[in-house]
Amino acid sequence: MPAPDPAEDLPEQMRVRRSKRDRLLAEGREPYPVTVARSASLKEIREKYASLPTDTPSGDTVSTGGRVIFIRNGGKLAFATLRDGDGTELQAMLSLDKVGEQALSDWKHLVDLGDIVSVSGEVITSKRGELSVLADSWSMSAKALRPLPVAHKPLSEETRVRQRYVDLIVRPQARDTVRTRATVVRALRESLFHRNFLEVETPMLQLLHGGAAARPFVTHSNALDTDLYLRIAPELFLKRAVVGGIDRVFEINRNFRNEGIDSTHSPEFAMLEAYQAYADYNVMQQQVREWIQEAAFAVAGSHIVTHYDGTELDLSGEWPSVTLFGSLSAALGEEVTVDTDRTQLARYAEKHDLSVDPKWGPGKLAEELFEHLVQHTLQTPTFVRDYPEETAPLTRAHRETPGLTEKWDLYVMGIELATAYSELVDPVVQRERLVAQSLLAAGGDPEAMQLDEDFLRAMEYGMPPSGGMGMGIDRLLMALTGLGIRETILFPLVRPE
RNA sequence: GCGCCGCUAGCUCAAUUGGCAGAGCAGCGGACUCUUAAUCCGCGGGUUGUAGGUUCAAGUCCUACGCGGCGCACCA
C-alpha cells in the first residue's frame with residue numbers, strides 16, 4: 001500500500017490553502033519570496049498621511065504590506081485590512097481599473113485571511129475617509145496554510161498559551177504584554193544601572209543545590225559524569241561576587257523550581273536579585289519601592305497603574321510596613337511574638353482550620369498562620385518585616401529582637417512580590433545554619449540546601465555588611481497588568497499535546 | 001498528589017428525558033466600484049479528546065486514560 005498522502009487527512013480549509021499555494025507556484029509566482037518591495041511600513045504611512053482629507057489622492061506611490069486580517073471583496077473593487085507587526089492597520093484597495101481583471105480575480109481567489117501580502121500603489125483616502133493604498137499591483141509575501149481563528153471571539157485560554165503565535169496575531173493585548181514586559185525589564189536595568197549596580201550572569205547549572213528553599217530540577221553532565229542542578233536561585237554566587245568587591249551587583253535571569261504550577265507559579269520564572277554592600281534591609285526597602293515605581297512609570301506614565309480589567313493599583317508614595325508578628329497578632333486578636341510557644345501557635349492553627357505539619361517549628365508555624373490569615377488581605381503594597389530565624393537561614397539576626405531576622409517580604413494583590421534581607425555575613429554562624437540545612441537535606445527534606453563549602457570559604461574571606469533582595473519579574477508584571485502568570489510569560493511550559 | 005467542572009466543524013459555542021449532530025464567523029461557487037465583524041443567492045465541511053462498556057439506539061449513561069480550567073496541598 002502506498003504511503004497515505006498527508007494532504008488527504010487535512011481539514012478542508014487547509015487543503016484549500018495548500019492548493020492556492022500550489023497554484024501560485026504553478027503560475028511561477030513565489031508564495032514565500034525571499035524579499036518583497038517595501039518602501040514604507042504601515043505606521044509610517046499612517047503618520048505621514050494622517051491629515052489627508054476624505055476621498056483624496058496623495059499623489060505618492062508606496063510599496064508596503066502586512067497580514068490580511070479582514071477582507072471585503074466587491075465585484076470590481078476589493079478591500080482588505082492589513083496589519084503590521086506593531087499593530088498598525090491600514091486598508092488596501094484593489095480596483096478593476098487599476099490592477100486589471102486578472103490581478104483582481106487572482107487577489108479574490110488566492111488571498112485568504114492570515115496571508116501576508118505586499119501592495120504597491122498610491123496612498124489615498126476612500127470615499128468614507130479611510131486611509132488606503134490603492135494598489136497598482138499586489139504580491140504574496142507569505143501564504144498562510146492555516147486559517148485564522150475568529151477575530152471577534154476570544155481564543156480559549158489553552159489555545160492562547162499553547163499557540164502563542166496565534167494569540168499574538170489575533171489579540172492586540174497579547175502583543176502589548178510582550179512590550180510591557182520588555183519595558184519593565186529595561187526600566188529595572190536602568191534603575192539599577194543608575195544606582196551603580198553591575199549586571200552579572202552567574203551559573204544556572206550548579207553542582208550543589210542552595211540559595212533558597214525549593215525543590216530543584218536535576219540534570220546530568222556527560223563530560224563531568226555528574227548530576228547538576230538547575231539553579232533555584234543565584235544568591236550564593238552573587239554573594240561570592242560581593243565578597244570579591246563587586247559591591248553593587250545584580251542579575252536578571254531565570255530560576256527553576258520543580259514544584260507546583262498554578263496561576264502564580266511557573267517552573268521557570270524570571271527573577272531580579274541584587275546585593276549592595278554597606279546597605280541593609282531598610283535601604284533595600286526604599287530602593288525596591290523606587291525600582292517598582294520607576295517600572296510602573298515606564299509602563300503607565302504614572303505610579304498609579306491601570307489593569308486590563310480597569311482596576312487601578314496605586315503604587316505611589318510610601319508603602320506601609322508591618323511586622324510579621326504584629327500583623328498576625330492583629331488577625332488573631334491575640335498577641336503573638338517570636339517567643340510564643342509552638343503549642344499555643346498550633347492551637348491558633350487548629351482554630352483557623354489550618355492543618356499543621358508536625359515537622360514545623362514555631363517559626364514556620366507562625367509564618368504559615370500569616371500566609372493563611374493575613375497574606376490575602378495585603379492588596380495594596382505592604383512590607384512585612386522581621387521573620388523568625390527558623391525560616392531564614394541566610395539572613396542576619398535582628399539587631400534588636402533575638403530569634404528574629406532582618407528580612408522583609410513585599411506583598412501586592414495578596415501575592416509575594418519581593419523579599420530582602422540584611423545578609424548574614426558571619427561565616428561561623430552561616431556554617432552552623434547551612435550544616436543544619438544539610439542535615440535536613442540528608443534527612444530527606446527535598447527543599448533543604450546542601451552544604452556549599454566553596455561558598456563558606458568565600459564568606460570566610462569576609463563579606464561586607466550588605467543588603468540583598470529578590471523580586472519575581474513575572475509577578476511584577478502581574479502586579480502592573482493584573483494578568484495571570486501564564487499571560488506574562490510569552491511561552492509558558494505546557495504539557496505536551 | 002486529591003476533589004469538582006469541561007473537551008462537539010478551522011475558531012467560538014448549541015444540541016430538551018438516551019431518539020436524524022446544529023449555529024455564527026471562517027471556507028467554496030456566484031452577484032455587487034467605497035467596504036469597516038459589508039450585503040445577497042447557493043454549497044460543502046464532523047472518528048463529538050482516546051479506549052472500552054451498557055442499550056434496539058450514546059455527544060448524552062458507566063469505567064479507565066489523556067489534556068485543560070478551578071479549588072485544596074507545596075512554593076516565589
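Chain letters run A, B, ... following the sequence lines, proteins first and then strands; every chain starts at 1. What's counted below: heavy atoms across the whole structure, side chains too, no hydrogens, waters or symmetry copies. Note that this is a predicted model, so its numbers are computed, not measured.
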(message) Expected output check: what is the dot-bracket annotation of RNA chain B, where ( ) and [ ] are pairs inside the strand (brackets for crossing ones), | is paired with another strand, and pairs are Watson-Crick or G-U under 3.5 Å?
(response) (((((((..((((.....[..)))).(((((.......))))).....(((((..]....))))))))))))....
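Within residues 360-389 of chain A, the residues approached by RNA chain B to less than 4.0 Å at the level of any non-hydrogen atom are A:W360, A:K364, A:E368, in residue-number order. At a non-hydrogen distance threshold of 4.0 Å, A:L96, A:D97, A:H109, A:D112, A:L113 from residues 95-117 of chain A come into contact with RNA chain B.
When heavy atoms are screened at a 4.0 angstrom cut-off, A:A213 is found touching the sugar-phosphate backbone but no base atom. Residue A:M93 is in base contact, counting any heavy-atom pair closer than 4.0 Å across all strands shown. Residue contacts for A:N73: at a heavy-atom cut-off of 4.0 Å it reaches a base atom on one of the strands shown.
For the side-chain hydrogen bond (donor to acceptor under 3.5 Å, both in side chains) test, no residue two or more places apart in sequence or in another chain qualifies with A:R257. For A:R29, the side-chain hydrogen bond (donor to acceptor under 3.5 Å, both in side chains) criterion is met by A:E27, A:D106, not counting sequence neighbours. For A:T56, the side-chain hydrogen bond (donor to acceptor under 3.5 Å, both in side chains) test picks out no residue, with sequence neighbours left out. With sequence neighbours left out, the salt bridge (charged side-chain N to carboxylate O under 4.0 Å, His left out) criterion links A:R433 to A:E389. For A:T64, the side-chain hydrogen bond (donor to acceptor under 3.5 Å, both in side chains) criterion is met by no residue, not counting sequence neighbours.
Between the C1' atoms of B:rA51 and B:rA9, the separation comes to 23 Å (whole Å).
Donor-acceptor pairing under 3.5 Å is lacking for the side chains of A:E487 and A:T177.
Contacts classified as ring-ring contact (aromatic ring centres under 6.0 Å, His included) and involving residues 93-136 of chain A (residues at least two apart or in different chains) are given here: A:W107-A:W138. Pairs of residues two or more places apart, or lying in two chains, never qualify as ring-ring contact (aromatic ring centres under 6.0 Å, His included) while including a residue from residues 79-98 of chain A. Legend: ring-ring contact (aromatic ring centres under 6.0 Å, His included) pairs involving residues 370-393 of chain A, not counting sequence neighbours, sorted by first then second residue: A:W319-A:F383, A:F370-A:Y411, A:F383-A:W408.
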(message) Each nucleotide in nucleotides 4-12 of chain B should get exactly one letter: B, S or -. Can you fill that in based on protein heavy atoms under 4.0 Å?
(response) ------BBS
